[in-house]
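For reference, the structure discussed in these notes is given below.
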Protein chains: 2
Amino acid sequence: MSNGAVHACDGAGVSEITVASSLDEAAAGLGTEMVRFTRLIAAWKQRVKHDAGAADRVLLARLVCGGDQRATDLAADAFLDLSTVSRQVRSLVERGLVARRPDPEDRRGSLLTATEAGRARFEDYRRQRDAELAGILESWSPQDRADLIRLMSRLNADLAERQHARPGPGGDQGTTVEQGEIRR
Amino acid sequence: MSNGAVHACDGAGVSEITVASSLDEAAAGLGTEMVRFTRLIAAWKQRVKHDAGAADRVLLARLVCGGDQRATDLAADAFLDLSTVSRQVRSLVERGLVARRPDPEDRRGSLLTATEAGRARFEDYRRQRDAELAGILESWSPQDRADLIRLMSRLNADLAERQHARPGPGGDQGTTVEQGEIRR
DNA sequence: TACATTGCTTGTATCCAGCAAGCATAGCGG
DNA sequence: CCGCTATGCTTGCTGGATACAAGCAATGTA
């Protein structure tokens with residue numbers, strides 16, 4: 001490590017990035033940060049270990065925010081296998097956070113709804129998370145805050161596009177949900 | 001919470017963020033993006049499923065970049081339990097990617113080194129990852145690229161600080177590694 | 001009615017992770 | 001030198017999240 005460029009090393013300590021002039025350098029630098037980030041998030045999740053497992057929070061969130069949905073749609077949205085979603089949903093139902101109700105148009109499956117308890121639980125999760133983040137962001141300039149969110153949003157969109165493009169094991173069970181379309 | 005703000009919903013589809021004026025709004029927006037991001041990364045990891053499991057890549061990276069280390073230091077660095085690291089290291093050794101050599105100063109443990117094969121493997125991982133990222137970033141302006149990396153780096157630093165501040169289950173086995181000090 | 005499709009569940013396996021217990025070495029006070 | 005404690009690592013066990021495959025139930029279609 002000598003000049004202003006990044007190069008190989010992931011997850012190393014400080015990762016001093018300056019401008020990353022070339023595309024390759026930018027990719028390497030972003031890779032480094034992504035690796036660090038995911039490891040940090042994993043540690044964080046574990047530290048704040050909610051009463052419930054970590055995974056179903058995602059599904060709960062999607063139900064609270066996206067409205068009633070079928071398990072299949074949840075799975076496609078979240079890039080999870082339907083079987084995984086099925087188990088998580090069962091757990092959520094057992095804990096009273098989600099309710100099934102028959103789909104009037106298709107008796108094979110059910111529509112899933114977040115119960116009042118589920119919504120409350122989700123709000124708890126969200127509040128706690130946002131409080132932590134606010135504690136971090138409070139020392140940031142509004143400009144940096146806005147930029148980070150904007151850029152991560154764009155990165156997410158690009159990643160999702162690639163994910164959908166190459167179906168892969170989890171993210172697609174035949175329907176190949178295009179772009180942001182949500183079906184139904 | 002009413003105006004042009006983000007609000008509750010995680011992981012929902014498009015997550016249109018504009019400026020996120022207040023701190024709370026910024027935190028919520030960042031939370032949204034972080035959740036989406038982690039899920040996308042998980043899906044990605046699975047899609048490109050390397051020959052080896054996903055976890056040891058992190059350790060390999062740290063060995064290649066950080067030089068020879070003891071398992072204990074690896075664990076502290078990566079916020080992992082020592083037992084987890086121990087197993088992963090064993091796997092790496094069995095596959096010839098990492099070598100143990102006796103620590104001249106302490107015969108209880110060993111120093112771990114990435115072998116030539118390990119370094120090559122790591123380079124493969126990194127190349128593949130960076131190629132994917134480059135494919136995404138190529139349509140970005142140099143300014144946005146640099147900003148994203150800078151801001152993520154800062155976010156990581158802040159997250160790591162908090163992680164160290166509150167030890168939590170994983171990142172600490174009795175020694176309470178303080179701040180950024182690395183021991184050794 | 002027969003067959004293909006779709007929605008979901010369940011059996012099984014894998015990977016990752018932590019906790020607790022144990023072993024070997026180290027280091028220290030007598 | 002002898003214990004006692006601390007440290008480094010390993011191993012047994014457990015739990016969670018996930019995927020894949022197989023199967024059942026309801027739909028739709030010819």
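Below, chains carry the letters A, B, ... as their sequence lines are ordered, and counting in each starts from 1.
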Nearest-Å distance for atom pair CZ/C1', residues A/Phe79 and D/dT18: 16 Å

Between C1' of D/dC9 and CG of B/Asp106, the distance in whole Å: 10 Å

Exam field: side chain B/Arg70 to backbone B/Ser110, donor-acceptor pair closer than 3.5 Å: no

N/O donor-acceptor pair, side chain B/Ser83 with base D/dC9, under 3.5 angstrom: no

Closest listed nucleotide, where the reference is the side chain of B/Arg108 and the choices are D/dA25, D/dG8, D/dC9: D/dG8

D/dT10 OP1/OP2 closer than 4.0 Å to side-chain N/O of B/Arg100: yes

Minimum-distance pair of heavy atoms, taken over all atoms of A/Arg100 and A/Arg90: NH2-CA, 3.8 Å

Side-chain (A/Glu138) to main-chain (A/Leu133) donor-acceptor, under 3.5 angstrom: no

Which nucleotide in D/dT27, D/dC9, D/dA19 has an atom nearest any side-chain atom of B/Thr72: D/dC9

Cation-pi geometry met for A/Arg162 and B/Trp44 (6.0 Å, 45°): no

side-chain N/O A/Arg107 vs C/dC8 OP1/OP2, d < 4.0 Å: no

B/Ser86 side-chain proximity, nearest of D/dC9, C/dC8, C/dA17: D/dC9

